Amino acid sequence: MSHKLLAGKKGIIFGALDSQSIAWNTAQSIFNEGGEIVLTNAPVALRMGSIKDLASSINSPVIAADATSIDDLENLIDFAISHFGGKLDFVLHSIGMSVNLRKGKEYTDLNYDWMTKGWDISAVSFHKLLQTLYKKDAMNPWGSIVALSYIAAQRTFPNYNDMADNKAYLESIARSFGYFMGKDKKVRVNTISQSPTPTTAGQGVKGLDQFLKYAQKTSPLGNASAKECADYTVMMFSDYTRKVTLQNLYHDGGFSSVGVSQEVIDSIQEK
Ligand code: NAI
């Protein structure tokens, strides 16, 4: 399926680590829709992941950037503008990491240095990215910026640990900075709240397999895949969503509006 919805559009994709990554799938969908991309990831991810395979298949350069470093962000944005010969039309922030989650530290016993690091990577990096784009006037009018979130920002999921707080902060930054991006640059900023998805970051969450099944049973349309999230993001980068901004958009098969489904009731019925 290709409608060339993004023909002539150019942008930066953060966070493609391997073929399961939501960002990887998004880069492929954007390419199929005629968009041009600069790929970026943290230096360590460039060494350990397989981003170079993706880059060669979609004719994209890859620039290393730690999303918490203003110097790296400035260098990346300068490169992208000179590579494209003009400003950007879209940016995807597909970045998340909790050191506490990764190291199995419970929410009731957090290591605060790790919390600060995870918060900087998962949430504050979005502010740093938006501020750098804003100061450099790097976006074309009617451009679109998306970050990926999860419903633990609104509801309690005990195993999601401090990532829940990071996502709440990320969504708030999208609204707060999105106001100025809209007023001053005519650029929209939204978060997409995606179904649980089996990726490297997702697998850091304890009990992900059972949780995927629970979400699948709860969502009337079933869980949204990484590829389906990619297609939704294409729509958000297209000219068909020019007045959608400051929103947290659920892309979860209906999970966020369901109290309980019949399948879940049946699965816990006493025998
Ligand atoms: P992933 O592990 O493939 O992607 C996470 C990316 O963040 C990796 O490419 C990693 O290298 C990058 N990253 C980590 N630290 C960085 C830094 N300092 N600078 C630049 N990049 C850095 O996993 P996934 O699932 O594709 O994650 C993408 C986004 O989707 C994240 O924001 C995640 O929280 C969000 N999300 C994931 C869900 C899931 O169940 N997998 C559900 C809802 C949202």
Side-chain angles (χ1 to χ4, degrees), residues 3 5-15 22-23 25-27 29-30 33-38 40 67 73 76-77 80-81 84 86-96 122-155 165-195 224 228-257:
H3 306 284
L5 285 181
L6 302 181
K9 295 201 185 290
K10 302 165 193 336
I12 301 175
I13 301 292
F14 287 78
I22 297 169
N25 284 270
T26 309
S29 293
I30 291 171
E33 293 293 338
E36 288 175 59
I37 298 165
V38 168
T40 181
L73 290 171
L76 166 69
I77 292 164
I81 288 176
F84 292 134
K87 296 185 189 182
L88 311 174
D89 302 295
F90 61 83
V91 178
L92 176 68
H93 178 286
S94 186
I95 298 171
S122 307
V124 181
S125 68
F126 192 44
H127 193 286
K128 290 177 176 173
L129 170 61
L130 291 167
Q131 186 163 296
T132 310
L133 291 166
Y134 183 92
K135 285 187 176 170
K136 285 189 174 291
D137 198 18
M139 299 292 297
N140 279 320
W142 305 109
S144 176
I145 301 169
V146 165
L148 287 170
S149 193
Y150 183 56
I151 195 181
Q154 287 79 30
R155 311 270 167 86
D165 306 324
N166 295 338
K167 290 303 190 194
Y169 199 90
L170 177 85
E171 290 177 14
S172 181
I173 289 169
R175 284 185 295 272
S176 301
F177 217 119
Y179 175 84
F180 297 101
M181 277 290 189
K183 278 301 235 192
D184 301 340
K185 313 282 185 189
K186 292 279 172 290
V187 168
R188 55 204 193 277
V189 182
N190 295 285
T191 49
I192 293 179
S193 184
Q194 161 69 4
S195 290
E228 287 163 335
C229 187
D231 290 342
Y232 188 34
T233 305
V234 164
M235 189 190 77
M236 292 309 301
F237 288 164
S238 80
D239 287 333
Y240 289 100
T241 54
R242 282 163 61 130
K243 289 288 173 73
V244 181
T245 197
L246 314 185
Q247 302 300 312
N248 180 46
L249 304 161
Y250 290 105
H251 182 254
D252 62 0
F255 179 90
S256 43
S257 288

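It should be emphasised that the depicted structure is a prediction, and the values quoted were computed from it without experimental measurement.
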Asks: Under a 4.5 Å cut-off applied to non-hydrogen side-chain atoms, are Gln154 and Tyr250 in contact?
Replies: yes

Asks: Considering all heavy atoms of both residues, which atom of Ala138 and which atom of Lys87 are nearest to each other, and what is their separation?
Replies: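 Closest approach of Ala138 to Lys87, heavy atoms only: O-CB, 3.3 Å.
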
Asks: Considering non-hydrogen atoms only, spot the tightest contact between Ile173 and Ala123 and give its length.
Replies: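 Heavy atoms of Ile173 and Ala123 come nearest at CD1-O, 3.5 Å.
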
Asks: Determine yes or no for a side-chain-to-main-chain donor-acceptor pair under 3.5 angstrom, with Arg188 supplying the side chain and Leu246 the backbone.
Replies: no

Asks: Could Lys185 and Tyr134 be counted as a cation-pi pair, given that NZ or CZ must be under 6.0 Å from the ring centre and within 45° of the axis?
Replies: yes

Asks: Treating Ser144 as the side-chain partner and Met236 as the backbone partner, does any N or O pair qualify as donor plus acceptor under 3.5 Å?
Replies: yes

Asks: Within the structure provided, determine whether Lys10 and Val38 are in side-chain contact (heavy-atom separation under 4.5 Å).
Replies: no

Asks: At their closest point, which heavy atom of Val234 faces which heavy atom of Leu6, and how far apart are they?
Replies: O-CD2, 3.9 Å

Asks: Quick one: does Arg175's side chain have a donor or acceptor within less than 3.5 Å of a partner on Gln247's backbone?
Replies: no

Asks: Are side-chain heavy atoms of Lys9 and Asp239 found at a separation under 4.5 Å?
Replies: yes

Asks: Do Tyr169 and Val124 have side chains that approach each other closer than 4.5 Å (heavy atoms only, starting at C-beta)?
Replies: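 They are in side-chain contact.
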
Asks: Sequence neighbours left out, what passes side-chain hydrogen bond (donor to acceptor under 3.5 Å, both in side chains) with Ser176? Give chain and number order.
Replies: none

Asks: Between Ser195 (side chain) and Ala224 (backbone), is there a donor-acceptor pair under 3.5 Å?
Replies: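 Indeed, once roles are kept as given, a pair shorter than 3.5 Å links the two residues.
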
Asks: Could you tell me whether the side chain of Ser94 reaches within less than 4.5 Å of the side chain of Thr233, counting heavy atoms only?
Replies: no

Asks: Below 4.5 Å, heavy atoms only, C-beta onward: do Ile95 and Phe126 meet side chain to side chain?
Replies: no

Asks: Taking all atoms of both residues into account, what is the closest heavy-atom pair of Ser193 and Ile151, and its distance?
Replies: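 Heavy atoms only, the tightest pair is OG-N, 3.3 Å.
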
Asks: Would you find a donor on one side and an acceptor on the other, under 3.5 Å apart, between the side chain of Ser238 and the backbone of Met235?
Replies: yes

Asks: If you compare all heavy atoms of His93 against all heavy atoms of Ser125, which two are closest, and at what distance to 0.1 Å?
Replies: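 Nearest pair, atom of His93 first, then Ser125: NE2-OG, 2.8 Å.
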
Asks: Does some side-chain heavy atom of Ile81 sit less than 4.5 Å from a side-chain heavy atom of Lys136?
Replies: no

Asks: Provide the closest heavy-atom pair for Gln131 versus Phe177 in the form atom of the first, atom of the second, distance.
Replies: CA-CZ, 3.5 Å

